[in-house]
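Notes follow the structure.
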Amino acid sequence: MLYDYCIIGGGILGLATARDILRRTPDASVILIEKETMLACHQTGHNSGVIHAGVYYKPGSLKARLCKAGAEATRQYCTEHGIAFETRGKLIVATDAMELARMDKLAQTATENGIAFTTLSEAALREREPNISGLGALFVRDSGIVDYRQICVAMGTEIEKAGGTILLGHAVTQLRETADRVDIVAGQTRITARYVIACAGLQSDRLARQAGLDIDHQIIPFRGEYYDVSPEKRDIVHHMIYPVPDPALPFLGIHLTPTIHGELTLGPNAVLGLAREGYPKRSFDFDDALALATFPGFWNVAKNQWRSGLDEFANSIFKRRYLKACQKYCPGLELSDLVERPAGIRAQAVARDGTMAQDFLFNQSPRTLHVGNAPSPAATSAIPIAEMIVSKALESMAAR
Ligand SMILES: Cc1cc2nc3c(=O)[nH]c(=O)nc-3n(C[C@H](O)[C@H](O)[C@H](O)COP(=O)(O)OP(=O)(O)OC[C@H]3O[C@@H](n4cnc5c(N)ncnc54)[C@H](O)[C@@H]3O)c2cc1C
């Protein structure tokens, strides 16, 4: 069967993209192929559920621009589709003089990004969150919480209502681009499309290479391990509580996050994974580990980040150490309060020289577009990212 568009990946980006194509070109034939038997089984279904406001990101970057727009679009989408969300606000807490200085820099970035915030003194912080201790904090009013799986289910329904097809349980194993089409093999099924958009998360580099693109990066999986805070202590905080991030590191640090379902989670850390889709601790996949070991970018990251890598690894093994990172700002939590919760795995694109892609990244051939790097805040930003992807795809199609 010949489709106008084939989208690979049933995470939030693939779904938002298929939905946007059908909104902008209602007559187009669209198929979305997902290898799992359910939507949102990987990053989208294993994240912190935060609607980020857009504080952290380099001014002018896609992340900065699309996160702010995405937060607004996410709230609007949830309102229109009856999906629960809460705009509880986030506190970014500084616990020592160095973090206070970093917090001031973060405040500058937030200002440049047009994000509303209030700077809280130690006393004002304690008044807002009596169980949190710090020397000061940024209060970001517009940060919220949601269950991104519920958004995915709603988008899936919309796609099917608009005439799109969703094919679950079919892994794309071959992509062959010719002058006028792309031939796709997914399980036992063969499909042809005029244009392919791959939003394949942890497998995105493999699909791009299968399609013949000459890309420099590879996906390195970083596990994000979580704990649930025991029900008796779930009310210990009301807002999301984040540490001030270390600017040298790509992740935000272990945070306390209420979920929309009433839980309170602690995490995630950022530990190198030896299996891209292996969620239990110590998961190992031979092909994934071999891909890492033979990739110079991995060794360059290991050389540059070994100290923080060891730190994260130790936090992963020793729960008490993990807890200590959080007790810095929430001293009332105890070891017995933490119950293991399923991990998430981040797809982080890394170049051969070891540079971690900071911004969203896309790679294109005449008839394919591959999302190369879409880590946090890509769930928040999914709707405007999808609009951008679809504009690029429509331009490419118009040029044919
Ligand atoms: C621990 C963690 C915490 C995070 N917290 C937040 C947060 O609070 N807020 C936020 O905005 N962002 C957060 N993120 C980031 C966010 O979850 C991701 O950026 C977003 O989900 C990416 O969506 P995606 O559709 O690109 O990828 P995914 O959700 O990973 O979807 C990719 C899909 O492609 C499918 N696929 C792969 N290969 C094939 C193939 N060959 N054939 C068919 N299908 C294929 C996969 O099965 C998968 O379903 C977090 C991420 C993690 C891991």
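Numbering starts at 1 and runs along the sequence shown. When a ligand or atom number is given, it counts from 1 through the structure's own listing order. For clarity, every value in this text was computed on a predicted model and none was experimentally measured.
- Judged by distance alone, the side chain of Asp359 and the main-chain N or O of Leu62 form a donor-acceptor pair under 3.5 Å.
- Atoms of ligand 1 lying under 4.0 Å from any heavy atom of Gln203, numbered from 1 in the order shown and given with element: 37 (C), 38 (N).
- Using a non-hydrogen distance threshold of 4.0 Å, Val371 does not register as a contact of ligand 1.
- The backbone N or O of Asp4 lies less than 3.5 Å from a partner atom in the side chain of Ser29, making a donor-acceptor pair.
- Less than 4.0 angstrom separates some heavy atom of Ile33 from each of these atoms of ligand 1: 43 (C), 44 (N).
- Numbered from 1 in the order shown, with element, the atoms of ligand 1 that lie under 4.0 Å from a heavy atom of Ala171 read 42 (N).
- Distances between N or O atoms of Asn47 and those of ligand 1 include at least one value under 3.5 Å.
- Nearest non-hydrogen protein atom to atom 12 (N) of ligand 1 is Ser376 OG, 3.4 Å.
- Ligand 1 has at least one atom lying under 4.0 Å from a heavy atom of Ile345.
- For ligand 1 and Arg346, the ligand atoms under 4.0 Å from any heavy atom of the residue are 52 (C), 53 (C).
- Considering both main-chain and side-chain atoms, Gly344 never comes within under 3.5 Å of ligand 1 through any nitrogen or oxygen pair.
- If you check which protein heavy atom lies closest to atom 27 (O) of ligand 1, you get Gln43 NE2, 3.4 Å.
- Distance from atom 31 (O) of ligand 1 to its nearest protein heavy atom, with residue and atom name: Gly11 CA, 3.4 Å.
- Of the N and O atoms on the side chains of Asp183 and Thr192, at least one donor lies less than 3.5 Å from an acceptor on the other residue.
- If you look at Ile8 next to ligand 1, the close heavy atoms, those under 4.0 Å, all belong to the side chain.
- Per-residue contacts place Gly49 under 4.0 angstrom from the following atoms of ligand 1 (heavy atoms of the residue considered): 8 (O).
- Nearest to atom 39 (C) of ligand 1 by heavy atom, out of His170, Arg223, His46, Lys35, is Lys35.
- For Ser381, no heavy-atom contact with ligand 1 is shorter than 4.0 Å.
- When hydrogens are left out, the protein atom nearest atom 40 (C) of ligand 1 is Val172 N, 3.7 Å; that is the closest non-hydrogen contact.
- Nearest heavy-atom pair across Leu15 and Gly10 is CD1-O, 3.6 Å.
- Figure legend: cation-pi geometry between Arg128 and Phe139, with NZ or CZ positioned under 6.0 Å from the six-membered ring centre and within 45° of its axis.
- Closest to atom 48 (C) of ligand 1, if we only count protein heavy atoms, is Glu34 OE1, 3.4 Å.
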Quick one, Arg307 with Asp311, criterion salt bridge (charged side-chain N to carboxylate O under 4.0 Å, His left out). Give me CA distance, side-chain angles, the key distance, then yes/no. CA-CA 6 Å; Arg307 200 182 292 273; Asp311 216 39; over 6 Å; no
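- Judged by a 6.0 Å distance limit and a 45° cone about the ring axis, Arg346 is positioned over the six-membered ring of Phe251.
- Of all protein heavy atoms, the one lying nearest to atom 25 (O) of ligand 1 is Leu13 N, 3.0 Å.
- Taking each of Cys199, Gly9, Ala186 in turn, the one with a heavy atom nearest to atom 32 (C) of ligand 1 proves to be Cys199.
- For ligand 1, the atoms lying closer than 4.0 Å to a non-hydrogen atom of Ile12 are 23 (O), 25 (O).
- Residue contacts with ligand 1 leave out Phe222, since none of its heavy atoms falls under 4.0 Å from the ligand.
- Looking only at protein heavy atoms, the nearest one to atom 18 (C) of ligand 1 is Ala374 O, 3.7 Å.
- Protein heavy atom nearest atom 29 (O) of ligand 1, with residue, atom name and distance: Thr44 OG1, 2.5 Å.
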